[in-house]
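Reviewing the structure listed below.
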Amino acid sequence: MPFCEVGKSRGEGNAMRIFYRRHGHGSNKVLLIIGLAATHDSWEPQIKGLTGTVKPNDEEEEEAPAAGGGGTDSPDEEDEGIEVCCFDNRGMGRSSVPTKKSECTTTIMAKDALALLDHLGWKKAHVFGHSMAGAMIACKLAAIAPERLCSLALLNATGGGFECFPKIDRQMISLTFRFLRAKTPEQRALVDLEAHYTKEYLDEYVGSCTRRKILYQEYVKAISSTGMQSNSGFEGQINACWTHKMTPKELDTIRSSGFLVSVIHGRDDIIAQLNHARRLAEKLHPAARMVELHGGHLVSHERPEEVNQALKELIKASKSKLRPEDWSYLPEEASGWLVLGMPMSPSVKSNEGASGLVAVYHLLGKVQLSFLYFIGVFLMGFQHMRNVLRIMKPVRVAASDS
């Protein structure tokens with residue numbers, strides 16, 4: 001099994017083993033970083049779409065360092081080919097689980113990804129990250145080592161802290177309670193399906209069965225094979241998402257490093273809110289292109305052909321040295337984002353009327369954050385009271401004859 005040892009050389013205490021897989025062959029190297037509570041094989045539609053196969057490369061037939069270490073800088077007979085590497089983040093799948101939450105931050109996990117690039121002998125790579133954790137780690141990696149990136153793709157991205165919270169409605173409250181109570185692969189699969197896909201997609205028939213039924217069986221099988229994520233692993237990854245923050249300096253580093261950026265998002269995502277992705281794309285202008293597709297949180301599974309096409313276009317544009325100004329859909333003189341037919345974001349309009357809308361927009365955001373905080377405190381208090389009552393429950397003792 002292919003593992004990469006990380007952490008010890010950086011003086012972080014216990015060494016972590018990162019499990020990874022390589023697929024395909026070619027001089028175009030792609031590093032895929034998966035999101036919260038997911039494993040490397042969640043990238044299967046992109047692995048197949050980019051390389052033409054889902055079969056991992058045989059460890060016994062690895063390419064020589066000279067052929068594998070050049071990244072996209074050295075044209076050869078395999079120049080049009082793509083090799084991808086996907087891996088399990090620390091705290092998930094077959095990778096090591098940290099014993100402390102402090103050992104899981106997006107900065108530390110970005111350094112894991114950087115160590116993996118070194119381990120593979122890849123000087124440069126296209127870096128694609130998905131969702132909370134994955135896209136966050138990809139952003140941190142781009143800020144820490146911009147010289148190692150050919151391009152950056154952020155799928156269903158969001159920010160850290162309160163931006164991690166989904167939009168609160170009846171469906172989300174129900175999903176949250178069921179997620180916290182899920183103890184079996186079957187229970188977890190039911191929750192994941194509703195969180196990852198649109199109802200329209202799940203209710204479509206494929207032959208005589210709905211996608212919901214087919215995907216449910218696949219999810220149960222996948223969760224059963226890898227096992228439910230450990231509490232410490234989940235808490236560590238949650239800590240990484242909660243403490244994640246991109247500073248203005250880090251964003252400026254990404255924006256000015258010369259590589260192209262794609263921010264790809266499902267319009268119906270109920271986990272990572274679309275407006276956060278739009279704001280991130282705006283902050284990365286003129287290097288970023290915003291791509292909005294019909295689909296949920298796993299738009300990469302729901303609309304694989306469109307997502308794969310967007311990723312291939314990013315690789316092609318990067319290879320042809322396209323200028324960021326020609327890549328972005330936001331002209332310098334424009335007053336708002338031109339996002340594939342979507343209305344311009346009110347947060348970047350400059351007239352007085354728009355300023356009022358922006359103020360209302362931010363006020364509503366603060367109200368929602370306060371509500372989210374209240375819900376979080378209520379849930380923690382409810383769980384605490386249940387534990388207390390369980391401990392204080394009187395024990396029946398049979399009366400003794402005296």
Side-chain angles (χ1 to χ4, degrees), residues 26-33 46 49-50 70-76 78-84 110 114 117 122-130 135 138-157 246-265 276-293 306-345 347-350:
S27 61
N28 297 292
K29 310 300 183 183
V30 176
L31 183 68
L32 302 174
I33 308 178
Q46 282 59 61
L50 294 175
T72 55
D73 294 335
S74 306
D76 58 21
E78 291 186 323
D79 205 39
E80 298 304 317
I82 297 175
E83 179 179 6
V84 306
L114 186 59
L117 287 179
W122 291 3
K123 294 179 181 178
K124 300 189 74 170
H126 302 273
V127 176
F128 304 160
H130 180 266
C139 273
K140 282 292 181 183
L141 176 58
I144 291 171
E147 72 283 357
R148 303 294 295 272
L149 270 70
C150 299
S151 70
L152 175 67
L154 306 172
L155 285 72
N156 295 81
M246 293 299 294
T247 66
K249 183 177 180 181
E250 289 175 321
L251 291 170
D252 184 62
T253 296
I254 297 174
R255 185 171 53 245
S256 60
S257 291
F259 54 77
L260 306 179
V261 181
S262 278
V263 180
I264 304 170
H265 213 93
H276 296 320
R278 287 178 180 173
R279 284 205 295 269
L280 178 59
E282 290 166 5
K283 291 175 183 177
L284 295 177
H285 173 70
R289 168 181 288 191
M290 184 76 202
V291 180
E292 296 179 17
L293 302 172
E306 295 166 76
V307 170
N308 293 341
Q309 183 60 34
L311 296 176
K312 289 177 180 178
E313 287 176 2
L314 177 61
I315 294 173
K316 183 178 180 181
S318 300
K319 190 174 178 181
S320 64
K321 306 296 182 184
L322 188 70
R323 295 188 314 158
E325 293 79 8
D326 296 327
W327 171 253
S328 172
Y329 281 120
L330 176 62
E332 292 181 7
E333 67 276 8
S335 59
W337 266 101
L338 303 179
V339 188
L340 297 184
M342 296 297 290
M344 292 185 288
S345 170
S347 62
V348 292
K349 292 179 181 284
S350 58

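One-based numbering along the sequence shown. What you are looking at is a predicted structure, and each value in this text was computed from that prediction instead of being measured.
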Handout entry: Backbone of E325 reached by a side-chain donor or acceptor of S328 within 3.5 Å
Key = no
Exercise for the section: For residues P286 and W327, determine if any side-chain heavy atom of one lies less than 4.5 Å from a side-chain heavy atom of the other. Expected result: no
Practice task
Determine the minimum heavy-atom distance between R255 and L284, stating which atoms define it.
Solution key: CG-O, 3.7 Å
Handout entry: Residues in side-chain hydrogen bond (donor to acceptor under 3.5 Å, both in side chains) contact with S262, at least two apart in sequence or another chain
Key = none
Practice task
Kindly indicate whether the side chain of M290, heavy atoms from C-beta on, has any atom under 4.5 Å from the side chain of H265.
Solution key: yes
Exercise for the section: Kindly indicate whether the side chain of L280, heavy atoms from C-beta on, has any atom under 4.5 Å from the side chain of L251. Expected result: yes
Practice task
Report the distance from atom CD1 of I144 to atom OG1 of T253, rounding to the nearest 0.5 Å.
Solution key: 10.5 Å
Problem - Donor-acceptor contact below 3.5 Å, side chain K312 vs main chain G49 - result: yes
Practice task
Determine, stepwise, if the pair K29 / K123 fulfils side chain to side chain contact (heavy atoms under 4.5 Å, CB included).
Solution key: CA-CA 9 Å; K29 310 300 183 183; K123 294 179 181 178; over 6 Å; no
Problem - Reported OG-to-CG distance for the pair S320 and L260, which is rounded to 0.5 angstrom - result: 8.0 Å
Handout entry: Donor-acceptor under 3.5 Å (R289 side chain, V263 main chain)
Key = no
Exercise for the section: Could you pull out the closest heavy-atom pair between I264 and A310, with the gap in Å? Expected result: CD1-CB, 3.9 Å
Completion exercise
When every non-hydrogen atom of C150 is compared with those of S318, the smallest separation belongs to O-OG, 3.6 Å
Exercise for the section: Find the distance between CG (L50) and CD1 (I82) and round it off to the nearest 0.5 Å. Expected result: 5.0 Å
Handout entry: Inter-residue atom distance R278.CZ - E292.CD, 0.5 Å rounding
Key = 4.5 Å
Fill in the blank from the handout: Heavy-atom closest pair (H126 atom, S151 atom, distance to 0.1 Å) is ND1-OG, 2.7 Å
Problem - Closest non-hydrogen atom pair, V84 against W122 - result: C-CH2, 4.1 Å
Handout entry: CZ on R148 to CG on L117, rounded to 0.5 Å
Key = 5.5 Å
Exercise for the section: Mind checking side-chain hydrogen bond (donor to acceptor under 3.5 Å, both in side chains) for Q309 and listing every partner two or more places apart, or none if nothing turns up? Expected result: E313
Handout entry: Cationic N near anionic O, under 4.0 Å, K249 to D252
Key = no
Fill in the blank from the handout: CZ (F259) and CG (L149) are apart, to the nearest 0.5 Å, by 5.0 Å
Completion exercise
Sequence neighbours excluded, the answer for side-chain contact (heavy atoms from CB on, under 4.5 Å) partners of A138 is I33, V127, L152, L154
Handout entry: Contact check, side chains of V30 and L311, non-hydrogen atoms, under 4.5 Å
Key = no
Practice task
Would you check if M246 and I254 make a side-chain contact, meaning some heavy-atom pair closer than 4.5 Å?
Solution key: yes
